[in-house]
J.: 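The structure is given below, and queries will be raised subsequently.
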Amino acid sequence: METRVLTDGSVTLSPPVAGDIDVITEACQDPAIAAWTNVPSPYTRADSVRFVGDIVPAKWADGFPEWAIRTSLHERLCGMVGFLERGAEIPEIGYWIAPDARQHGLATAAVRLACDFAFAADGMGVSRIEWRAFVGNLPSAAVARRTGFQYEGIARHGTVQRGVPRDVWVAGLLPDDPRTPTGTWPI
Ligand SMILES: CC(C)(COP(=O)(O)OP(=O)(O)OC[C@H]1O[C@@H](n2cnc3c(N)ncnc32)[C@H](O)[C@@H]1OP(=O)(O)O)[C@@H](O)C(=O)NCCC(=O)NCCS
């Protein structure tokens, strides 16, 4: 897949570049990112070099985008949003926001843009997007709920974090779902 840049006029998603490596390294020192995602922990500059130089290009080539989240108000990258393969043709959305850029709706805006792209015929053309978060990740659940994902339940040991099985909340978004809070969320 060719890389694509997406924007809603305020938030822009574009692939991370070499100039983002140090900002990503710094953001991934955040204990919340280590606790709630699968990034390496401890996170080193070499991890960021490999992420930007190898992992992200390989994911785009496989049809699974990864974008840096940027705004005109922030000089530095604010976070990341992207997809990983959850099953046959089903992408799972993932995201983090740097601690100093939280609480401004950037994750919400980025998830909306990424999901529009995933459903678009000239994007990924998928018919379902999955969201999974370790049970208890309330800030992530709030983003998923706000963007229209519908809560579907708990998958016990539904994912593995650094070798440890973890229970996950599971939610899904279909192309015709309303993009507003709906369904019964446990939060
Ligand atoms: C999960 C995570 C990305 C959520 O970040 P966030 O800043 O809370 O989410 P948003 O950027 O969408 O901002 C939403 C907050 O900004 C507020 N906000 C301000 N302006 C807003 C706007 N225009 N639109 C939406 N929300 C807005 C919202 O009220 C909300 O605050 P609240 O939760 O107190 O109500 C962040 O906590 C994080 O990076 N955590 C660590 C990594 C992680 O857990 N990733 C997900 C793994 S599944």
Side-chain angles (χ1 to χ4, degrees), residues 6-13 16 20 23-43 47-48 51 55-56 59 64-74 76-86 90-116 118 128-162 164-173 178-182 185-187:
L6 310 176
T7 186
D8 63 8
S10 172
V11 172
T12 298
L13 306 186
D20 297 319
V23 182
I24 293 172
T25 308
E26 187 184 329
C28 288
Q29 306 308 310
D30 172 45
I33 294 178
W36 296 115
T37 76
N38 262 319
V39 302
S41 179
Y43 196 94
D47 292 317
S48 185
F51 177 68
I55 296 174
V56 172
K59 288 191 64 183
F64 289 90
E66 281 286 344
W67 293 278
I69 303 169
R70 308 179 198 276
T71 82
S72 54
L73 298 176
H74 296 80
R76 298 145 42 108
L77 158 159
C78 298
M80 291 292 308
V81 62
F83 293 105
L84 60 86
E85 187 172 6
R86 170 51 56 195
I90 299 179
E92 176 186 326
I93 193 150
Y95 41 86
W96 57 256
I97 297 288
D100 60 359
R102 288 181 191 150
Q103 299 294 303
H104 295 297
L106 299 182
T108 300
V111 167
R112 288 198 175 113
L113 281 167
C115 290
D116 285 346
R128 170 181 167 85
I129 301 168
E130 199 155 300
W131 168 89
R132 289 178 170 228
F134 305 141
V135 170
N137 191 346
L138 297 172
S140 181
V143 172
R145 182 177 169 276
R146 205 181 283 122
T147 51
F149 280 81
Q150 297 192 23
Y151 180 72
E152 296 170 344
I154 289 179
R156 295 177 304 146
H157 287 189
T159 194
V160 174
Q161 184 194 34
R162 303 180 200 111
V164 179
R166 299 283 304 264
D167 295 348
V168 289
W169 283 328
V170 180
L173 184 69
R179 301 297 190 87
T180 49
T182 184
W185 281 84
I187 58 164

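What you see is a predicted model, and the numbers here were worked out from it, not measured in a lab. For the numbers below, each heavy atom of this structure counts, side chains included, while hydrogens, waters and symmetry mates do not. Ligands are counted one by one from 1 in listed order, and the atoms in each one are counted from 1 as well.
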J.: Only heavy atoms of Trp96, strictly under 4.0 Å: list the atoms of ligand 1 that pass.
T.: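 It comes down to these atoms of ligand 1: 39 (O), 42 (C).
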
J.: Tell me the contacting part of Tyr95 for ligand 1: side chain, backbone, both, or neither, using a 4.0 Å heavy-atom threshold, strictly below.
T.: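 Both of them.
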
J.: Taking 4.0 angstrom as the limit and counting only heavy atoms of Pro139, give me the atoms of ligand 1 inside it, by number and element.
T.: 1 (C), 37 (O)

J.: Where is the nearest protein heavy atom to atom 47 (C) of ligand 1: which residue, which atom, and how far?
T.: Trp36 O, 3.6 Å

J.: Counting only heavy atoms closer than 4.0 Å, does ligand 1 sit against the backbone of Val143, its side chain, both, or neither?
T.: side chain

J.: Between Tyr95 and Trp67, do the side chains contain an N or O donor and an N or O acceptor separated by less than 3.5 Å?
T.: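 Checked: Tyr95/Trp67 side chains show no N/O donor-acceptor pair below 3.5 Å.
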
J.: Looking only at distance, does Ala133 have an N or O less than 3.5 Å from an N or O of ligand 1?
T.: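 Not met; the criterion fails.
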
J.: Closest approach of Lys59 and Phe83, non-hydrogen atoms and distance?
T.: NZ-O, 2.5 Å

J.: Nearest 0.5 angstrom please: His104 NE2 to Ser10 OG, how far?
T.: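 One finds 11.5 Å between NE2 of His104 and OG of Ser10.
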
J.: Would you call the rings of Trp131 and Trp185 parallel, tilted or perpendicular, taking 30° and 60° as the class edges?
T.: perpendicular

J.: Under 4.0 Å from a heavy atom of Arg132: which atoms of ligand 1 are those, numbered in the order shown and with their elements?
T.: 48 (S)

J.: Search all heavy atoms of Ser48 against all heavy atoms of Tyr43 and return the closest pair with its distance.
T.: CA-OH, 3.4 Å

J.: Quick check: does Trp131 get an N/O under 3.5 Å from an N/O on ligand 1?
T.: no

J.: Among protein heavy atoms, which lies nearest atom 48 (S) of ligand 1, and at what distance?
T.: Ser140 OG, 3.2 Å

J.: Is the closest side-chain heavy-atom distance between Val11 and Arg70 below 4.5 Å?
T.: no

J.: So which bit of Asp30 gets within less than 4.0 Å of ligand 1, heavy atoms only: side chain, backbone, both or neither?
T.: neither

J.: Supply the atom-to-atom distance Ile69 CD1 to Ile97 CD1, rounded to the nearest 0.5 angstrom.
T.: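 Reported to 0.5 Å precision, the distance equals 3.5 Å.
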
J.: Starting from the C-alpha separation in whole Å, work towards a yes-or-no answer on side-chain contact (heavy atoms from CB on, under 4.5 Å) for Arg179 and Leu173.
T.: CA-CA 9 Å; Arg179 301 297 190 87; Leu173 184 69; 4.1 Å; yes

J.: Among all protein non-hydrogen atoms, which one is nearest to atom 12 (O) of ligand 1, and what is the separation to 0.1 Å?
T.: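 Scanning the protein heavy atoms, the shortest distance from atom 12 (O) of ligand 1 goes to Thr108 OG1, 2.5 Å.
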
J.: Are any of the side-chain heavy atoms of Asp30 and Trp96 separated by less than 4.5 Å?
T.: no

J.: Considering only the protein, which heavy-atom contact is closest to atom 39 (O) of ligand 1, and what is its distance?
T.: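 Answer, as residue, atom name and distance: Ile97 N, 2.9 Å.
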
J.: Could you check which of Arg112, Met80, Gln103, Arg102 puts a non-hydrogen atom nearest to atom 19 (C) of ligand 1?
T.: Gln103

J.: Kindly identify the option in Arg146, Glu92, His104 whose heavy atom sits closest to atom 14 (C) of ligand 1.
T.: Arg146

J.: Between atom OG1 of Thr159 and atom CG of Leu84, what is the distance when rounded to the nearest 0.5 Å?
T.: 8.0 Å

J.: Please report which non-hydrogen protein atom sits nearest to atom 26 (N) of ligand 1, along with the residue it belongs to and the distance in Å to one decimal place.
T.: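 Of every protein heavy atom, Gly105 CA, 3.4 Å lies nearest to atom 26 (N) of ligand 1.
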
J.: Starting from atom 44 (O) of ligand 1, locate the nearest protein heavy atom and write down its residue, its atom name and how far away it is, to 0.1 Å.
T.: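 The answer is Asn137 ND2, 2.8 Å.
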
J.: Using a 3.5 Å cut-off on N or O atoms only, is Leu106 in polar contact with ligand 1?
T.: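 For ligand 1, there is an N or O atom that lies under 3.5 Å from one belonging to Leu106.
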
J.: How long is the span from the OG1 atom in Thr180 to the CZ atom in Arg145, to the nearest 0.5 Å?
T.: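 Atom-to-atom, Thr180:OG1 and Arg145:CZ are 10.0 Å apart.
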
J.: Atoms of ligand 1 less than 4.0 Å from Thr37 heavy atoms?
T.: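 Checking each atom against Thr37, I get 42 (C), 43 (C), 45 (N).
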
J.: Looking only at heavy atoms, is any part of Ala107 under 4.0 Å from ligand 1, and if so is it the side chain, the backbone, or both, or is it neither?
T.: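 Within the 4.0 Å criterion, Ala107 contacts ligand 1 through backbone and side-chain atoms alike.
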
J.: Within the distance-only criterion (no hydrogens, no angle test), does the side chain of Thr37 pair as donor or acceptor with the backbone N or O of Ala34 below 3.5 angstrom?
T.: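 Pair absent, no side-chain N/O of Thr37 close to backbone of Ala34.
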
